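Some notes on the structure that comes next.
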Number of protein chains: 2
Amino acid sequence: MSISRTGAAVAPRMSLGSKRTEPRLVSPAGAVLPLDTIIESDCIAALERLPAGSVDLVFADPPYNLQLGGDLHRPDNSMVDAVDDDWDKFASLRDYDDFTRAWLAAVRRVMKPDATLWVIGSYHNIFRVGATLQDLGYWILNDVVWRKTNPMPNFRGKRFTNAHETLIWAAREQRSRYTFNYEALKAGNDDVQMRSDWLIPLCTGGERLKDGDGRKAHPTQKPEALLARVLMAASRPGDVVLDPFFGSGTTGAVAKKLGRHFVGIERDRDYIAHARERIALASPVGDADMLAPSEKRSEPRIPFASVVERALLQPGAVLTDGNERHQARVRVDGSIMLGDIVGSIHKIGALAQGLPACNGWTFWHYKDNGKLRLIDDLRAVLRKELAAAGG
Amino acid sequence: MSISRTGAAVAPRMSLGSKRTEPRLVSPAGAVLPLDTIIESDCIAALERLPAGSVDLVFADPPYNLQLGGDLHRPDNSMVDAVDDDWDKFASLRDYDDFTRAWLAAVRRVMKPDATLWVIGSYHNIFRVGATLQDLGYWILNDVVWRKTNPMPNFRGKRFTNAHETLIWAAREQRSRYTFNYEALKAGNDDVQMRSDWLIPLCTGGERLKDGDGRKAHPTQKPEALLARVLMAASRPGDVVLDPFFGSGTTGAVAKKLGRHFVGIERDRDYIAHARERIALASPVGDADMLAPSEKRSEPRIPFASVVERALLQPGAVLTDGNERHQARVRVDGSIMLGDIVGSIHKIGALAQGLPACNGWTFWHYKDNGKLRLIDDLRAVLRKELAAAGG
DNA sequence: ACTGGAAATGAATCAAGGT
DNA sequence: AACCTTGATTCATTTCCAG
């Protein structure tokens with residue numbers, strides 16, 4: 001085992017308003033870092049046994065505290081297999097905050113001075129996590145958005161499709177000289193800087209671990225592409241990556257593939273068994289192999305509403321088909337109106353032609369200085385503008 | 001001035017660990033809501049003068065420069081005298097939290113029970129805002145990511161390009177029955193649900209307000225397309241939209257264009273002057289037909305018993321599912337019978353399929369000249385009649 | 001073996017109205 | 001306030017199964 005640079009143990013600052021006793025500041029003399037190992041233990045107890053200032057990178061996927069109500073059914077009446085595990089349940093926001101403060105403080109002690117931390121979460125918990133880590137003296141470098149290509153829809157039509165999760169990237173302290181592989185990321189991103197919004201599919205298919213009955217082995221397994229992006233960005237070969245909520249072991253599998261060491265902490269024996277097997281099967285690969293396939297390039301969907309929002313067409317503007325036989329008017333919400341019937345450009349286009357379906361973008365025209373132009377031309381204008389941002 | 005529905009003032013919950021006195025819960029008797037007006041005042045002082053339960057929607061773009069001490073509401077100056085950088089940082093975090101709690105609580109008092117709040121921020125402040133609003137009893141509905149097509153690059157190459165900002169959308173309380181124009185958003189988005197990640201350019205070019213010297217009039221002017229998306233999603237024509245940090249007046253300009261009322265609060269006279277001029281130039285969408293949010297027509301409720309009463313189906317008639325696997329018979333009272341079990345079309349439909357619920361209208365069929373038809377078609381017949389009668 | 005359609009599924013704070 | 005009834009609601013992708 002080699003630890004290139006061990007920082008002094010630094011006292012975690014009192015968090016604002018906290019009255020709890022802080023975790024022990026010194027680790028047992030002679031504590032060692034068990035490399036490429038999963039520690040079966042409660043997260044905080046295990047952290048307190050690890051040597052101070054010993055890891056280069058932390059990736060943490062803590063419980064989200066979802067607070068789900070009753071069952072949720074799809075429109076076809078099938079039931080959504082929700083996260084109903086005990087480990088995600090907390091009695092109150094305050095309990096969740098106490099838990100968050102405890103593990104973040106314990107993790108911080110174990111980090112080298114120049115180490116960074118990644119935490120992933122959703123709106124249920126990420127604000128509490130972010131505020132707490134600021135309180136503890138971490139220094140936020142970026143928040144990063146994992147945009148899902150294939151999120152679960154909102155079945156009731158009561159909210160926006162919850163299509164992303166948030167990662168916080170933070171240094172141990174403001175003056176940390178952290179690792180950021182700027183050039184490598186840029187080279188793997190068509191030679192432009194890597195942005196803070198990442199488009200990556202959910203973990204499904206062969207990558208998703210299954211138990212004996214074909215059910216998912218872990219409810220919230222993260223895609224390897226996500227971890228690969230994280231490790232490629234903020235660690236170097238040979239670094240030690242700590243994951244205090246190891247779960248199905250994605251961090252360990254990707255660390256092994258990319259030539260990093262891992263230390264995992266996990267309480268659940270079933271998860272550990274799956275993770276061990278999975279990591280044993282993983283074989284080291286070149287960096288480029290992991291980076292390349294992650295980003296999915298496809299034509300972004302442009303809402304017709306954006307054409308109106310961006311004032312390329314005014315509300316009330318007249319749309320016609322190529323022969324000007326049908327005439328509809330543009331509404332502020334991006335629907336159009338034919339007679340007194342309101343609907344999308346596609347639905348109304350189909351209706352006008354008496355067809356079951358229609359691509360409104362290539363059916364409807366607008367007048368530009370007396371000349372008839374396809375609204376698809378306006379989409380092209382927006383696409384060009386948006387292209388740099390990726391899907 | 002018309003306020004369609006005024007809710008009772010509800011005491012904000014004590015925030016976790018807060019020792020501050022809460023803002024007054026009752027507004028001055030006879031307080032009025034000055035519609036389509038900018039109030040020149042400190043944010044919190046102005047909010048406390050507005051009537052409780054009076055606005056439908058709030059959009060807030062709070063300051064997040066922690067060094068702007070003047071922008072912060074300091075209830076307690078006892079612990080300044082900072083020497084240590086860290087101490088200073090924590091003192092300012094605490095001040096920022098106090099300020100955030102104060103304005104969020106004051107806003108909450110002014111909201112109608114079913115109103116929602118939007119707050120925009122970056123990683124510097126959004127975690128503190130999000131945690132605080134949860135503490136105050138707001139119920140988060142979504143976090144929304146504004147992806148910028150043209151963000152400022154990271155010049156030093158030390159971080160990811162900060163290419164997004166985060167909006168939090170929250171209801172005043174968990175059980176609020178808030179406005180969400182689901183159908184309108186879907187119609188303007190190629191007939192698929194609107195996601196939580198929005199791709200919108202920065203405010204530049206002609207839209208960007210300039211002062212006499214050609215410099216930008218406001219440092220963080222938000223694009224109108226962003227506000228348009230927000231107002232179209234979560235408000236209705238005629239609603240009152242409050243912006244407690246009015247700035248350059250984007251909220252007011254878009255509200256006017258989209259037929260919503262606004263109330264703005266702003267302290268800076270220059271900003272107010274720019275905003276007034278800008279809003280005066282904005283022209284509302286004149287045609288109400290272009291403005292009303294698309295809806296799936298909310299149709300009158302028809303009891304199945306009416307179908308029998310009107311003899312569209314005879315008592316004893318046979319109903320089947322689409323595959324004719326299940327068979328039930330119509331009873332005089334509008335219930336149906338499967339085997340010897342009697343119940344509503346919904347209950348029996350669910351029972352037949354072994355499902356927890358079922359919409360009987362779209363499950364059961366009848367035979368019309370040997371052809372299977374949905375009983376929903378019969379409902380449509382009655383609805384059409386009802387509409388003709390002016391029902 | 002190949003193909004086309006049906007079925008399954010993913011961190012979800014997912015109803016409204018009347019009695 | 002609690003309970004019951006009615007009936008509105010899904011996208012991208014993979015896997016399964018029938019032909």
Side-chain angles (χ1 to χ4, degrees), chain A residues 61-85 87-90 93 96 120-126 146 148-166 201-208 210 214-216 218-223 245 247 296 298 301 391, chain B residues 114 134 138-143 169-171 174-178 180 182-183 186 189-196 295-299 301-305 334-335 343-347 349-350 356-363 375-376 379:
Chain A
D61 183 9
Y64 287 9
N65 189 23
L66 287 183
Q67 306 176 65
L68 302 178
D71 289 341
L72 177 65
H73 295 265
R74 296 185 170 82
D76 66 3
N77 272 319
S78 64
M79 204 170 79
V80 174
D81 184 12
V83 176
D84 55 359
D85 306 72
W87 51 253
D88 196 50
K89 291 182 171 39
F90 292 82
L93 279 182
Y96 188 78
I120 185 167
S122 67
Y123 66 84
H124 310 84
N125 71 322
I126 199 66
W146 169 28
K148 303 176 183 182
T149 58
N150 48 349
M152 190 178 339
N154 184 290
F155 296 115
R156 292 289 197 156
K158 294 299 171 184
R159 304 182 179 192
F160 299 97
T161 306
N162 196 358
H164 73 277
E165 294 187 27
T166 300
L202 292 172
C203 178
T204 59
E207 190 186 320
R208 187 90 198 205
K210 303 277 169 43
R215 288 174 308 201
K216 54 190 176 191
H218 190 280
T220 68
Q221 183 180 344
K222 296 293 176 289
F245 306 98
K296 186 192 121 159
S298 61
R301 183 192 303 281
Chain B
D114 293 341
Q134 287 179 308
Y138 286 95
W139 189 247
I140 298 181
L141 300 168
N142 279 112
D143 57 337
W169 182 39
Q174 182 173 0
R175 54 185 206 165
S176 295
R177 293 196 316 217
Y178 51 88
F180 180 55
Y182 175 75
E183 292 292 344
K186 190 173 170 178
N189 191 41
D190 281 4
D191 292 318
V192 295
Q193 294 184 340
M194 186 66 78
R195 296 168 42 119
S196 57
E295 287 177 11
K296 198 152 265 182
R297 201 181 297 270
S298 78
E299 315 240 40
R301 180 170 294 218
I302 308 284
F304 182 65
S335 62
S344 69
I345 52 172
H346 312 296
K347 279 270 168 65
C358 162
N359 182 344
W361 290 108
T362 54
F363 175 72
I375 59 174
D376 207 27
R379 180 166 67 163

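Hydrogens, waters and symmetry mates play no part in the numbers below; they use all other heavy atoms, side chains included. As the structure is a computational prediction, the values presented were derived from the model and not from experiment. Chain identifiers are assigned alphabetically (A, B, ...) following the order of the sequence lines, protein sequences preceding nucleic acid strands; residue numbering begins at 1 within each chain.
Nucleic acid contact class of A:D81 (heavy atoms, under 4.0 Å, all strands): sugar-phosphate only. B:Q193 comes within 4.0 angstrom of the backbone, heavy atoms only, and of no base. A:K222 comes within contact range of at least one nucleobase, with a heavy-atom separation under 4.0 Å. Within 4.0 Å (heavy atoms only), B:L141 reaches no atom of the nucleic acid at all. Residue A:G121 is classed as having no contact, given no heavy-atom separation below 4.0 Å to the nucleic acid. When heavy atoms are screened at a 4.0 angstrom cut-off, A:P223 is found touching no nucleic acid atom at all. When heavy atoms are screened at a 4.0 angstrom cut-off, B:G343 is found touching no nucleic acid atom at all. Across all strands, A:T220 comes closer than 4.0 Å to base atoms (heavy-atom distances). When heavy atoms are screened at a 4.0 angstrom cut-off, A:C203 is found touching no nucleic acid atom at all. Residue-level contact check: A:T161 touches neither bases nor backbone, having no heavy atom under 4.0 Å from any strand. Among the atoms of the strands shown, base atoms are found under 4.0 Å from some heavy atom of A:P151. Counting any heavy atom pair closer than 4.0 Å across all strands shown, A:E207 reaches no nucleic acid atom. Backbone-only engagement by B:R379 is indicated by non-hydrogen atom pairs under 4.0 Å involving sugar-phosphate atoms exclusively. Within 4.0 Å (heavy atoms only), A:W87 reaches at least one base atom of the nucleic acid.
The side chain of B:Y178 places no N or O atom within less than 4.0 Å of a non-bridging phosphate oxygen (OP1 or OP2) of C:dC14. Of the side-chain N and O atoms in B:H346, none sit less than 4.0 angstrom from OP1 or OP2 of D:dT6. Between A:K216 and C:dA11 there is no side-chain polar atom (N or O) within less than 4.0 angstrom of OP1 or OP2. The shortest distance between the side-chain N/O atoms of A:R301 and the OP1/OP2 oxygens of D:dA12 is below 4.0 Å. At least one side-chain nitrogen or oxygen of B:K347 sits closer than 4.0 Å to the OP1 or OP2 atom of D:dT5.
Of the candidates D:dT6, D:dT13, C:dA11, the closest approach to any side-chain atom of B:S344 belongs to D:dT6. The side chain of A:L72 has C:dC14 as its nearest neighbour among C:dG10, D:dG7, C:dC14. Side-chain proximity of A:H124 to D:dG7, C:dA12, D:dC11: nearest is C:dA12. Comparing atom distances between the A:P153 side chain and each of D:dT6, D:dC11, C:dA12 picks out D:dC11 as nearest.
Side-chain atoms of A:K158 stay outside donor-acceptor range of the base of D:dA8, with no qualifying N/O pair under 3.5 Å. The base of C:dG10 is paired with the side chain of A:R74 by a donor and an acceptor separated by under 3.5 Å.
For the pair A:N77 CG and D:dG7 P, the interatomic distance rounds to 15 Å; values are reported in whole Å. Computed from coordinates, the A:M152 CE to C:dA12 P distance equals 3 Å when rounded to whole Å.
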